[in-house]
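Below is one structure, written out as structure tokens; the observations come after it.
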Amino acid sequence: MFESDFERNLFELRRQKLQEIEKLGQPAYPNQFRFSHTIADIRARWGDTPADSFESSSVNVAIAGRIMAIRAQGKAGFATLQQEGQRLQIYVRLDAVGEQGFALYKLLDLGDHIGAAGYLFRTRTGELTIHVEKLTFLAKAMLALPEKFHGLSDVEARYRQRYVDLFANLDAREVFVKRARVLRAIRRFFDERGYLEVETPMMQPIAGGAAARPFKTHHNALDMELFLRIAPELYLKRLTVGGLDRVYEINRNFRNEGVSTQHNPEFTMLEFYQAYANYLDMMQLTEELIAFVAQEVNGTTITEFNGHTIDLAKWQRLKMTDAILQYWPSEAGVKPALSAFESPEVLRERLFAALGLLNEAMAEGSSITPERRALLKAVRDGIGAVYADSAKNAPIGKTVYNLFEEIVEPFLVQPTIIYEYPTVVSPLSKAKPDDPDHVERFEFFIGGFEIGNAFSELNDPVEQHKRFEQQLAERGRGDDEAHQMDEDYVRALAYGLPPTGGEGIGIDRLTMLLTGSKSIRDVILFPLMRAQVSANKDQGTDAAEKDAEH
RNA sequence: GAGCUCGUAGCUCAGCAGGUAGAGCAACGCCCUUUUAAGGCGUGGGUCCUGGGUUCGAAUCCCAGCGAGCUCACCA
């Protein structure tokens, strides 16, 4: 627990102070405090009240809070209390609180929790302040607070010791307040539309509904291998078979993948399903939902993200192939004809030609800006990877999809719906009636990354069984993210799934957009961190502490 | 997994042409009854991430490791 002798000494000093406080007749760890107002209440109600009106009629209040600043001045002193992210100053004078009260004040430290009762006034500088008549000790901070001006800025410490981050950095707190508002708004949105909130298994014998590597676990009593879910999808559709026409679930998914500013191994996903709807209905619903949530959370649909101003109420819809053409850089030659997306050979040739032209454009002596060069390099590397994959007999649909991800996705900053996905990358989506190679599916992108994914659900059990078998073949070829066979899910479909639209939305990423957070770890209270090798420098001295860790 | 950057007092940081550490805040003592990054005087506090190497001498240079951030890879 202690990181240094400094901390050990401070802790011991504070214990002595606690004993002194008890001698003053105050319990060291009282079990309640009745406050008349929260600090927020007081700020809201008297924040603008002029000084003279406090003199004509006194306002008595009692508040509780953590001491975030303390300034003693002989026989008087100030302290700033913080509660629920709001602060209020108190003024303590010997002649107002008495010998005992002032003795207590002198035993207070930064970080302590106290109660303060008295009347409101304004100081010379106009700050709303409580003139304290009674101090109540509530709990002690036995460790030192971070620097009062800069707060806790070490990123690692902020994630690992979020409890400090939350009270030391109020903007960190604000992110999580907003995150709660996001969830509340989503629930309101779906509840008002007749959706039922449900919870489906997070431990599953088959981890289905997405292409991702799962976490494995084991149930002892049943001696059963289980997976943490990678998606709730297949269970939610079983519910729609069961007659729950509109369901939604907000819960964690777990994917055994790397971490990045956009990926945490456990993340929160919203999924919803609506019977008798298709992917076009889902598009409509998505646009309404995102604008609604933004309005509820921020009071506006405008958000600032990564240097961009984004309007979450303004959407564009683009067919995937059209998007590729639109973002095809001029340096890569004339845009491919639409027919190129139907022939693996033609597309491959076009990609090869584009690589040559891009390399030429970036050659020494060319007069392009460094920014353009960086962009072209990313595009060239992307196309290079896609080309390499396509040369390994990847299905044309996979090549088109990869190409889209490489040259379009990072540039989709304003809200954009991309639709018409290749069937090969969409094993659970319903094919277009007139085009078996494409499905009724869309994803939407904001701020340069994917936020959600939706489709008309495939409800033909025979077709679904076939798609699963294709996935098994992929698995056999070494793709360990290909979908597993789920016989029970096929059986559920055999009982009849009505035409259904479904969608999944990443809540963490949506929260990033709405809070301007660049990293997903800033919107997750306790992001996964590598285990720390215990730097316990105080071995052997604190047996009880060691026991507590086991 | 790869590349780049970072790791110095509880916190925020300086010190890095190699000569064994410093500031502010926090802590401790004293003074101060309207301060607010309060102020004044004084005091204590460091295996400079870890382990090797080079050197008469390493916080500083080199190598390896650990941890973190960013970028890339991975990521229906």
Side-chain angles (χ1 to χ4, degrees), chain A residues 2-11 13-14 16-17 51 68-80 87 89-97 102 109-111 121-127 129 131 141-161 164 168 208-213 230-231 233 255-265 267 374 377-378 381-382 385 398 401 405 409 421-429 439 441 443 449-450 452-455 471 479 481-483 504 506 518-519 521 529-533 535 537:
Chain A
F2 297 115
E3 291 183 0
S4 64
D5 287 340
F6 172 89
E7 287 202 342
R8 175 187 311 287
N9 294 339
L10 187 65
F11 196 92
L13 210 63
R14 298 275 159 102
Q16 289 165 17
K17 281 191 178 181
M68 296 306 288
I70 190 161
R71 299 174 288 278
Q73 306 182 68
K75 295 181 176 59
F78 291 89
T80 302
R87 294 182 170 193
Q89 178 172 267
I90 63 170
Y91 180 51
V92 184
R93 302 170 52 131
L94 172 61
D95 54 16
V97 297
F102 204 70
D109 292 296
L110 283 179
F121 77 109
R122 283 191 188 274
T123 62
R124 268 181 210 150
T125 53
E127 176 144 352
T129 305
H131 200 291
M142 312 290 282
L143 296 168
L145 263 52
E147 213 253 4
K148 69 180 165 192
F149 189 62
H150 299 90
L152 185 67
S153 63
D154 181 77
V155 191
E156 182 177 356
R158 289 185 47 218
Y159 297 151
R160 290 194 194 271
Q161 302 185 53
V164 178
R213 279 194 290 268
I230 55 175
E233 169 145 356
R255 297 187 183 177
N256 211 335
E257 292 155 0
V259 298
S260 78
T261 46
Q262 286 165 33
H263 299 84
N264 194 62
F267 63 99
K377 182 180 183 307
D381 292 350
K398 210 160 195 170
Y401 178 68
E405 286 197 320
E409 177 170 344
Y421 275 63
T423 305
V424 282
V425 296
S426 316
L428 300 164
S429 311
V439 291
R441 172 183 173 195
E443 293 184 321
F449 50 79
E450 178 196 342
N453 176 29
F455 36 87
Q471 291 290 313
D479 181 358
E481 290 187 358
H483 210 289
K518 286 195 184 71
S519 169
R521 273 168 246 134
M529 304 288 280
R530 203 179 292 269
Q532 267 179 319
V533 184
K537 295 171 181 173

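Protein chains get the first letters and strands the later ones, always in sequence-line order, with residue 1 at the start of each.
- Base contact: A/A210 has a heavy atom under 4.0 Å from a base atom.
- The nearest pair of heavy atoms linking A/L152 to A/A168 is N-CB, 4.4 Å.
- In this structure, A/R255 and A/E481 have side chains that are not in contact, with every pair of non-hydrogen atoms separated by 4.5 Å or more.
- What separates CD1 of A/I70 from P of B/G39 is a distance of 15 Å, to the nearest Å.
- Rounded to whole Å, the separation between the P atoms of B/C16 and B/A59 comes to 14 Å.
- Distance A/K398 NZ to B/A76 P: 9 Å, rounded to the nearest Å.
- Each of A/H150 and A/G209 has a nearest nucleotide on RNA chain B; the 5'-most of these lies closest to A/H150.
- Residue A/K17 has a polar side-chain atom (N or O) positioned under 4.0 Å from OP1 or OP2 of B/C28.
- The base of B/U34 has none of its N or O atoms less than 3.5 Å from a complementary donor or acceptor on the side chain of A/Q73.
- Checking B/C28, B/A76, B/C70 against every side-chain atom of A/R521, the shortest atom distance belongs to B/C70.
- Among the nucleotides B/A27, B/C70, B/C11, the one closest to the side chain of A/T261 is B/C70.
- In the set B/G24, B/U35, B/A26, the nucleotide with an atom closest to the side chain of A/E147 is B/G24.
- The A/R213 side chain lies nearest to B/C74 when the options are B/G69, B/A37, B/C74.
- Distance from the side chain of A/A211 is smallest to B/A76 among B/U12, B/A27, B/A76.
- When distances are taken from the side chain of A/R160 to each of B/A27, B/G10, B/G67, the shortest belongs to B/G67.
- When the P atom is used for both B/U50 and B/G67, the distance is 15 Å, rounded to whole Å.
- When only modelled atom types and interatomic distance are considered, A/N453 and A/R441 share a side-chain donor-acceptor pair under 3.5 Å.
- Only the P atoms considered, B/G19 is 35 Å distant from B/A2, to the nearest whole Å.
- If you check every strand for non-hydrogen atoms under 4.0 Å, A/A72 touches a base.
- Of all heavy-atom pairs between A/L428 and A/E233, the closest is CD1-OE2, 3.6 Å.
- A donor and an acceptor atom sit less than 3.5 Å apart, one in the side chain of A/R71 and one in the base of B/U35.
- Rounded to a whole Å, the CD atom of A/E7 is 17 Å from the P atom of B/G45.
- Using bins of under 30°, 30° to 60° and over 60° for the plane-to-plane angle, the ring pair A/F121/A/Y91 lands in the tilted bin.
- Evaluation of atom-type donor-acceptor distances gives no pair under 3.5 Å for the side chain of A/D154 against the base of B/U12.
- Here the closest heavy-atom approach between residue A/F78 and residue A/T123 is recorded as CE2-CG2, 4.1 Å.
- Checking B/U20 for Watson-Crick or G-U wobble geometry (two distances, each under 3.5 Å) identifies no partner in any strand.
- Taking atom P on both nucleotides, B/C13 is separated from B/C70 by 16 Å, rounded to a whole Å.
- Comparing A/R14 and A/E156, the nucleotide of RNA chain B nearest to each residue sits closer to the 5' end for A/R14.
- Which of B/U12, B/G67, B/G69 sits closest to the side chain of A/R530 comes down to B/G67.
- Using a 4.5 Å heavy-atom threshold, the side chains of A/V155 and A/R521 count as separate.
- Between the side chain of A/T123 and the base of B/U35 there is at least one donor-acceptor pair of N/O atoms closer than 3.5 Å.
- Look at A/S260 and you won't find any side-chain N or O under 4.0 angstrom from OP1 or OP2 of B/G69.
- Rounded to whole angstrom, the span from the CG atom of A/D109 across to the C1' atom of B/C25 amounts to 15 Å.
- For the pair A/R158 and B/G69, the criterion of a side-chain N or O lying under 4.0 Å from OP1 or OP2 is not met.
- Checked by atom type and distance alone, the side chain of A/Q161 never pairs as donor or acceptor with a backbone atom of A/V164 at under 3.5 Å.
- Between the side chain of A/H483 and the backbone N or O of A/A211 there is no donor-acceptor pair closer than 3.5 Å.
- As rounded to whole Å, 16 Å separates atom C1' of B/A37 from atom CZ of A/F78.
- Across all strands shown, A/L110 has heavy atoms under 4.0 Å from sugar-phosphate atoms exclusively, and none from any base.
- Using a 4.0 Å heavy-atom criterion, one finds that A/G151 contacts the sugar-phosphate atoms exclusively.
- The nucleotide B/C70 finds its pairing partner in B/G3, both defining distances of the Watson-Crick or G-U wobble pair being shorter than 3.5 Å.
- Comparing the same atom, C1', in B/U60 and in B/C6 gives a spacing of 15 Å after rounding to whole Å.
- Distance CZ (A/F2) to P (B/A9): 19 Å, rounded to an integer number of Å.
- Between A/I230 atom CD1 and B/A76 atom P there is a gap of 9 Å when expressed in whole angstrom units.
- A/E233 contributes a side-chain N or O that forms a donor-acceptor pair with the base of B/A76 under 3.5 Å.
- Spacing of P atoms, B/U5 relative to B/A64, comes out at 14 Å, to the nearest Å.
- Between A/A231 and A/A210 the shortest heavy-atom distance is CB-CB, 4.0 Å.
- Taking a pair to require two hydrogen-bonding distances under 3.5 Å in either a Watson-Crick or a G-U wobble arrangement, B/G51 pairs with B/C63.
- The residue A/L13 sits close only to the backbone: its heavy atoms come under 4.0 Å of sugar-phosphate atoms, none of a base.
- Nearest to the side chain of A/P146, among B/C11, B/C13, B/U33, sits B/C11.
- If you check every strand for non-hydrogen atoms under 4.0 Å, A/F121 touches a base.
- Proximity note for A/Q89 (side chain, C-beta onward) versus B/G10, B/U35, B/A76: the nearest is B/U35.
- Interatomic distance, CD of A/Q89 versus CZ of A/R122, reported as 11.5 Å (0.5 Å rounding).
- To the nearest angstrom, C1' of B/C30 lies 12 Å from NZ of A/K75.
- For B/C4 and B/C62, the P atoms lie 13 Å apart once the distance is rounded to whole Å.
- B/C25 is paired with B/G10 under the Watson-Crick or G-U wobble criterion, all donor-acceptor distances under 3.5 Å.
- Comparing B/U35, B/G44, B/A76 by their closest approach to the side chain of A/N453 singles out B/A76.
- Comparing B/G29 with B/G44, their C1' atoms are spaced 11 Å from each other, to the whole Å.
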Between N or O atoms, less than 3.5 Å apart, protein on one side and nucleotides 2-7 of chain B on the other: list the pairs.
none

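- Within the nucleic acid shown, A/S519 comes within 4.0 Å of sugar-phosphate atoms alone, with no base atom in reach, counting heavy atoms only.
- At least one donor-acceptor pair under 3.5 Å links the side chain of A/R14 to the backbone N or O of A/A141.
- Listed pair A/S426 / B/A76 fails the phosphate criterion, with no side-chain N or O lying under 4.0 Å from OP1 or OP2.
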